Trainee: 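Okay, here's the structure, questions in a sec.
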Amino acid sequence: MSSNKITFFQRFEKDILSGAKTITLRDASESHYKAGQGVSVSTYETDRWFCDVMIDSVECIKFDELNSIHAEQENMTLPELREVITEIYGEIETLWMISFHLVRT
Ligand SMILES: CC(=O)Nc1ccn([C@@H]2O[C@H](CO)[C@@H](O)[C@H]2O)c(=O)n1
């Protein structure tokens, strides 16, 4: 189902608000976002709104194709990024890279 909302773990809030994190990698259940869509952003833990973003693109990417550029866009190293994804999703092959920029904080 389409949604104008997305949640992030609270620990990523600072990086999103500073502009250091400009992508998120999600599974198929969140592949419905569209370029040009405005999305309200809240914390996963307490559902607290903290900004609005505009979706710039949504692209399918394989876990094995992740590289240091993706990591940089997450403000992480590549090993850290692979670790975070595996913690959240377990062993996952197909991801969706959602690129965004801040529009309101
Ligand atoms: C809260 C919720 O429902 N799900 C997720 C799923 C992912 N992410 C972040 O996306 C990147 C790659 O997966 C990393 O930065 C993750 O931490 C997140 O913050 N919240």
Side-chain angles (χ1 to χ4, degrees):
M1 207 192 69
S2 185
S3 167
N4 284 319
K5 176 173 171 174
I6 193 166
T7 61
F8 284 90
F9 295 114
Q10 211 162 279
R11 64 186 194 274
F12 299 113
E13 177 178 357
K14 263 204 202 99
D15 280 354
I16 293 167
L17 292 177
S18 73
K21 175 173 166 69
T22 58
I23 64 166
T24 185
L25 295 152
R26 302 293 172 116
D27 69 5
S29 71
E30 297 194 274
S31 61
H32 53 77
Y33 295 103
K34 300 285 176 227
Q37 185 181 2
V39 177
S40 149
V41 181
S42 305
T43 61
Y44 173 73
E45 290 87 347
T46 61
D47 202 26
R48 173 178 47 81
W49 177 88
F50 64 92
C51 67
D52 293 338
V53 296
M54 174 73 75
I55 305 295
D56 295 317
S57 60
V58 180
E59 292 169 46
C60 184
I61 182 160
K62 300 294 178 193
F63 183 88
D64 291 345
E65 292 169 357
L66 292 173
N67 61 40
S68 57
I69 297 167
H70 302 114
E72 193 183 320
Q73 291 172 313
E74 288 270 11
N75 198 31
M76 294 180 206
T77 65
L78 185 54
E80 280 168 351
L81 178 59
R82 289 183 180 277
E83 176 75 26
V84 164
I85 291 169
T86 305
E87 270 171 24
I88 298 172
Y89 295 114
E91 268 190 34
I92 185 167
E93 190 186 347
T94 303
L95 293 159
W96 271 264
M97 175 174 71
I98 302 169
S99 306
F100 58 84
H101 66 270
L102 279 172
V103 289
R104 186 164 78 97
T105 58

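All figures in this text were calculated on a predicted structure; none of them were measured in a lab. Ligands are counted one by one from 1 in listed order, and the atoms in each one are counted from 1 as well.
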Trainee: Answer yes or no: does atom CD of E13 have more than 12 heavy-atom neighbours from other residues, nucleotides or ligands under 6.0 Å?
Mentor: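 For E13, atom CD is crowded (more than 12 foreign heavy atoms under 6.0 Å).
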Trainee: Among protein heavy atoms, which lies nearest atom 9 (C) of ligand 1, and at what distance?
Mentor: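 Checking every protein heavy atom, the shortest distance to atom 9 (C) of ligand 1 gives T24 OG1, 3.6 Å.
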Trainee: With heavy atoms of V84 as the reference, note each atom of ligand 1 found under 4.0 Å away.
Mentor: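 Close to V84: 14 (C), 16 (C), 17 (O).
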Trainee: Does ligand 1 have any atom sitting under 4.0 Å from a heavy atom of R11?
Mentor: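 No, R11 has no heavy atom closer than 4.0 Å to ligand 1.
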Trainee: With D15, which residues qualify under side chain to side chain contact (heavy atoms under 4.5 Å, CB included), at least two apart?
Mentor: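 D15: side chain to side chain contact (heavy atoms under 4.5 Å, CB included) contacts with A20, K21, N75.
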Trainee: Can you confirm whether I16 sits close enough to F50 that some side-chain heavy atom of one is under 4.5 Å from a side-chain heavy atom of the other?
Mentor: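 They are in contact (side-chain heavy atoms under 4.5 Å apart), so the answer is yes.
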Trainee: Ligand 1 and K21, any nitrogen or oxygen pair closer than 3.5 angstrom?
Mentor: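 Yes, since at least one N or O of K21 sits under 3.5 Å from an N or O of ligand 1.
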Trainee: Closest approach of M97 and H70, non-hydrogen atoms and distance?
Mentor: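 Looking at all heavy atoms of both residues, the shortest contact is SD-CD2, 3.5 Å.
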Trainee: Using a 4.0 Å cutoff against the non-hydrogen atoms of E74, which atoms of ligand 1 qualify?
Mentor: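 Within the 4.0 Å cut-off of E74, ligand 1 contributes 11 (C), 12 (C), 14 (C), 15 (O).
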Trainee: Taking 4.0 Å as the limit for heavy-atom contacts, which would you say applies to L95 with ligand 1: side chain only, backbone only, both, or neither?
Mentor: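 L95 to ligand 1: no contact under 4.0 Å from either part.
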Trainee: If you measure from atom 17 (O) of ligand 1 to every heavy atom of F12, F9, Y44, which option wins on shortest distance?
Mentor: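 The nearest heavy atom belongs to F12.
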Trainee: Tell me which protein heavy atom sits closest to atom 2 (C) of ligand 1, plus the residue, atom name and distance to 0.1 Å.
Mentor: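 In this structure, atom 2 (C) of ligand 1 has T7 OG1, 3.7 Å as its nearest protein heavy atom.
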Trainee: If you define the side chain from C-beta out and look only at heavy atoms, does anything of K5 sit under 4.5 Å from D47?
Mentor: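 They are in contact (side-chain heavy atoms under 4.5 Å apart), so the answer is yes.
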Trainee: For Y89, counting its heavy atoms only, list the atoms of ligand 1 lying under 4.0 Å from any of them.
Mentor: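 So the answer, numbered in order with elements, is 6 (C).
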Trainee: How far is atom 7 (C) of ligand 1 from its nearest protein heavy atom, and which residue and atom is that?
Mentor: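 That would be R26 NE, 3.3 Å.
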Trainee: Heavy atom under 4.0 Å from ligand 1: found in L25's side chain, backbone, both, or neither?
Mentor: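 The answer is both.
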Trainee: Not counting sequence neighbours, which residues clear side-chain hydrogen bond (donor to acceptor under 3.5 Å, both in side chains) with K62? List them please.
Mentor: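 side-chain hydrogen bond (donor to acceptor under 3.5 Å, both in side chains) check on K62 returns T94.
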Trainee: Would you say E87 has more than 12 foreign heavy atoms packed within less than 6.0 Å of its CD?
Mentor: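 Yes, because the 6.0 Å sphere around CD of E87 holds more than 12 heavy atoms from other groups.
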Trainee: Taking only heavy atoms of M76 into account, list the atoms of ligand 1 that are under 4.0 Å away from them.
Mentor: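 Every atom of ligand 1 under 4.0 Å from some heavy atom of M76: 15 (O).
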Trainee: Less than 4.5 Å apart, any side-chain heavy atom of T24 and any of E30?
Mentor: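 No. Closest side-chain heavy atoms not under 4.5 Å.
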